[in-house]
Amino acid sequence: QVQLVESGGGLVQPGGSLRLSCAASGIIFRLYAMGWYRQAPGTQRELVASISSSGILLNYADSVKGRFTISRDNVKNTVYLQMNSLKPEDTAVYYCNAVRGVMEYWGKGTLVTVSS
């Protein structure tokens with residue numbers, strides 16, 4: 001059974017930082033590209049950042065470039081999202097995604113709220 005379990009969300013003040021983690025099980029993690037998506041109320045889910053299976057290729061949404069960093073540990077089967085200089089508009093549920101060819105899996109999400 002495939003599981004992607006996100007953690008690290010919470011309430012943070014504007015300008016603060018959070019580090020999200022996504023622990024994967026039930027897949028050969030090192031073969032999957034991983035991504036973080038987010039969805040705010042009333043909006044569509046959007047890609048925040050992605051990382052290739054090797055960890056070499058990185059992709060970021062323009063809105064988070066220079067503030068967020070995606071990384072992965074293929075020994076711990078975990079992908080991370082370091083979020084710095086958080087803004088209220090970063091408030092959303094953040095989802096972990098794993099993709100390999102036609103196979104795609106999602107986590108249940110973790111809520112990030114940026115508010116003073």
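Worth saying up front: this structure is predicted, and the values here are computed from it rather than measured. Counting from 1, the numbers follow the sequence of the chain as shown.
With ring centers used as reference points, W36 lies 6.0 Å or more from F68.
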**Prompt:** Does the pair K108 and E6 meet the rule for a salt bridge (Lys or Arg N to Asp or Glu O under 4.0 Å), with working shown?
**Reply:** CA-CA 7 Å; K108 293 183 178 181; E6 302 97 334; over 6 Å; no
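Geometrically, R19 engages Y80 in a cation-pi contact defined by less than 6.0 Å to the ring centre and at most 45° from the axis. Under the 6.0 Å distance and 45° angle rule, R100 does not count as a cation-pi partner of F29.
Hydrophobic clustering (side-chain heavy atoms under 4.5 Å, transitive across Ile, Leu, Val, Met, Phe, Trp, Tyr) keeps W106 apart from L31. Hydrophobic clustering (side-chain heavy atoms under 4.5 Å, transitive across Ile, Leu, Val, Met, Phe, Trp, Tyr) keeps V93 apart from V12. Under the 4.5 Å side-chain heavy-atom criterion for ILVMFWY residues, a single connected hydrophobic cluster contains both V48 and L18. M83 and L111 fall into different hydrophobic clusters, where Ile, Leu, Val, Met, Phe, Trp and Tyr residues are linked whenever their side-chain heavy atoms come under 4.5 Å apart, directly or through other members.
Between I51 atom CD1 and I56 atom CD1 the span is 9.5 Å, to the nearest 0.5 Å. Taking CD of Q13 as the reference point, atom CG of L86 lies at 11.5 Å (rounded to 0.5 Å). Taken from OH in Y60 to OG in S50, the straight-line distance is 9.0 Å, to the nearest 0.5 Å.
Screening L20, L4, V5 for a side chain to side chain contact (heavy atoms under 4.5 Å, CB included) involving C96 leaves a single residue, L4.
Looking at R45 and Y37, their side chains never bring a donor and an acceptor atom within 3.5 Å of each other. Side-chain atoms of N84 and S17 form a donor-acceptor pair, as typed in the model, at a separation below 3.5 Å.
A 4.5 Å side-chain heavy-atom check between T69 and L81 finds every atom pair outside the cut-off.
Using a 4.0 Å cut-off between charged side-chain N and carboxylate O, K87 and D90 make no salt bridge.
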